[in-house]
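As structure tokens, the structure follows; a few thoughts come after it.
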Amino acid sequence: KVAVLVASKGKNLELARSVVSKCEEHNLLASLIVLDDLSLSLYSTKIQEEEGISEKVEELKKSLVASDALVVISPEYNGGVAPVLSNAIAWISVSGKDWREAFNEKPCLIATHSGGGGSHALMGLRSQLSYIGANVLGRQILTNYNKELNIESLDACLKQLS
């Protein structure tokens with residue numbers, strides 16, 4: 001089971017759909033999670049104290065815990081990862097003592113479609129996801145308006161996830 005998290009719509013969602021399609025070709029059961037569609041509140045201790053952990057966060061955590069591998073796709077925002085992704089990770093990290101099961105020791109492919117270079121987003125993803133316990137693959141996927149998805153690279157990455 002592969003959880004494919006995408007941190008924006010548009011070109012990154014197109015990339016995520018291509019990844020899900022390729023997962024199926026590799027006999028990997030993939031679930032697409034569009035973080036924008038969750039509309040999670042901006043994390044703060046105040047909001048957590050006032051509202052608690054939402055059912056959406058609990059469902060997201062359960063989906064990630066149930067997965068065997070992760071694909072995380074984020075555009076580059078001002079040289080970093082999309083805020084919606086960092087926000088989702090923040091919520092998961094306060095959702096209970098078992099939150100690390102969502103990431104710990106799971107193989108993780110990182111990817112981006114960026115209007116700019118995209119390399120800073122990938123560095124940020126690698127750093128943050130490794131820090132919380134994911135085993136981020138050395139190989140990554142970077143596409144932009146001048147660089148299409150390399151299907152052979154994606155195939156090689158998905159073989160490493162399985």
Side-chain angles (χ1 to χ4, degrees), residues 1-43 54-93 95 102-103 106-130 132 134-137 139-162:
K1 294 180 188 175
V2 179
V4 179
L5 280 82
V6 61
S8 74
K9 301 228 175 165
K11 293 292 185 180
N12 281 279
L13 183 54
E14 286 179 30
L15 177 57
R17 288 186 175 132
S18 295
V19 169
V20 168
S21 177
K22 270 296 180 183
C23 281
E24 293 168 0
E25 289 178 26
H26 285 263
N27 295 317
L28 298 170
L29 179 61
S31 61
L32 179 61
I33 302 168
V34 183
L35 294 175
D36 275 348
D37 290 345
L38 299 179
S39 299
L40 299 177
S41 300
L42 181 61
Y43 178 78
S54 74
E55 188 60 36
K56 291 178 188 178
V57 170
E58 291 293 347
E59 289 174 16
L60 175 59
K61 182 176 76 172
K62 285 178 188 174
S63 295
L64 298 182
V65 167
S67 71
D68 300 308
L70 306 170
V71 177
V72 180
I73 303 169
S74 174
E76 185 171 283
Y77 279 31
N78 302 311
V81 300
V84 69
L85 175 61
S86 292
N87 188 54
I89 291 171
W91 275 112
I92 291 169
S93 74
S95 66
F103 304 98
K106 292 190 181 185
C108 179
L109 170 62
I110 56 174
T112 187
H113 176 91
S114 179
S119 61
H120 289 94
L122 292 172
M123 287 187 292
L125 285 169
R126 182 173 304 284
S127 177
Q128 187 171 26
L129 293 166
S130 295
I132 59 176
N135 292 328
V136 180
L137 301 181
R139 202 164 188 175
Q140 56 198 16
I141 302 294
L142 188 152
T143 66
N144 57 45
Y145 294 107
N146 297 317
K147 184 177 186 249
E148 291 184 16
L149 175 61
N150 182 322
I151 297 300
E152 291 173 2
S153 291
L154 179 55
D155 283 332
C157 290
L158 293 178
K159 284 180 186 176
Q160 290 181 41
L161 286 184
S162 59

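To the nearest 0.5 angstrom, Tyr77 atom OH is 10.0 Å from Ser114 atom OG. For the atom pair Glu76 CD and Ser8 OG, the distance stands at 12.0 Å (nearest 0.5 Å). A distance of 9.0 Å separates SG in Cys108 from CZ in Arg126, rounded to the nearest 0.5 Å. Interatomic distance, CG of Leu15 versus NE2 of His113, reported as 8.5 Å (0.5 Å rounding). To the nearest 0.5 Å, atoms CG (Leu42) and CG (Asn87) are separated by 5.0 Å.
A pairwise comparison of heavy atoms in Ala16 and Leu32 identifies CB-CD1, 3.6 Å as the closest pair. Contact between Ser54 and Leu40 at its shortest, heavy atoms only, is OG-CD2, 4.2 Å. Annotation for Ala121 and Val81: closest pair O-CG1, 3.6 Å, computed over non-hydrogen atoms. When all heavy atoms of Lys61 and Ser95 are compared, the closest pair comes out as CD-OG, 3.0 Å. In this structure, Ser63 and Ile33 approach most closely via the heavy-atom pair CB-CD1, 4.0 Å. Closest of all the heavy-atom pairs between Leu142 and Gly118 is CD1-C, 3.9 Å.
Looking at Ser86, its side chain never comes within 3.5 Å of a backbone N or O of Pro83 through a donor-acceptor pair. For Ser127 (side chain) and Gly124 (main-chain N/O), no donor-acceptor pair under 3.5 Å exists by modelled atom type. A donor-acceptor pair under 3.5 Å is absent between the side-chain atoms of Asn12 and the main chain of Thr112, judged by distance alone. Of the possible donor and acceptor atoms, none in the side chain of Arg139 sits under 3.5 Å from a partner among the backbone N and O of Leu109. Here the side chain of Thr143 pairs no donor or acceptor atom with the backbone of Leu149 at under 3.5 angstrom. Side-chain atoms of Lys106 do not come within 3.5 Å of backbone N or O of Leu70 as any donor-acceptor pair. Remark: side-chain polar atoms of Asp68 are paired, donor with acceptor, to backbone N or O of Lys1 under 3.5 angstrom. Between the side chain of Ser21 and the main chain of Arg17, no donor-acceptor pair closer than 3.5 Å is present.
Under the salt bridge (Lys or Arg N to Asp or Glu O under 4.0 Å) criterion, Glu14 pairs with Lys11, not counting sequence neighbours. Taking the ring pair (Phe, Tyr, Trp, His ring centres under 6.0 Å) definition, one finds that Tyr43 meets it with Trp91, sequence neighbours left out.
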* Asked: How far apart are the C-alpha atoms of Leu60 and Lys56, what are their side-chain angles, what is the distance that settles it, and do they pass the side-chain contact (heavy atoms from CB on, under 4.5 Å) test?
  -> CA-CA 6 Å; Leu60 175 59; Lys56 291 178 188 178; over 6 Å; no
* Just do the side-chain contact (heavy atoms from CB on, under 4.5 Å) check on Ile141 and Ile73 with the steps written out, would you? => CA-CA 9 Å; Ile141 302 294; Ile73 303 169; over 6 Å; no
* To do: Might you work through the side-chain contact (heavy atoms from CB on, under 4.5 Å) test for Leu85 and Leu125, ending with a clear yes or no?
  => CA-CA 10 Å; Leu85 175 61; Leu125 285 169; 3.3 Å; yes
* Asked: For Leu158 and Cys23, what are the C-alpha separation, side-chain angles and deciding distance, and is it a side-chain contact (heavy atoms from CB on, under 4.5 Å)?
  -> CA-CA 7 Å; Leu158 293 178; Cys23 281; 3.9 Å; yes
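A salt bridge (Lys or Arg N to Asp or Glu O under 4.0 Å) check over residues 144-156, counting only residues at least two apart or in different chains, returns the pairs Lys22-Asp155.
Residues Leu64 and Leu5 form a side-chain contact, since some pair of their non-hydrogen atoms from C-beta on lies under 4.5 Å apart.
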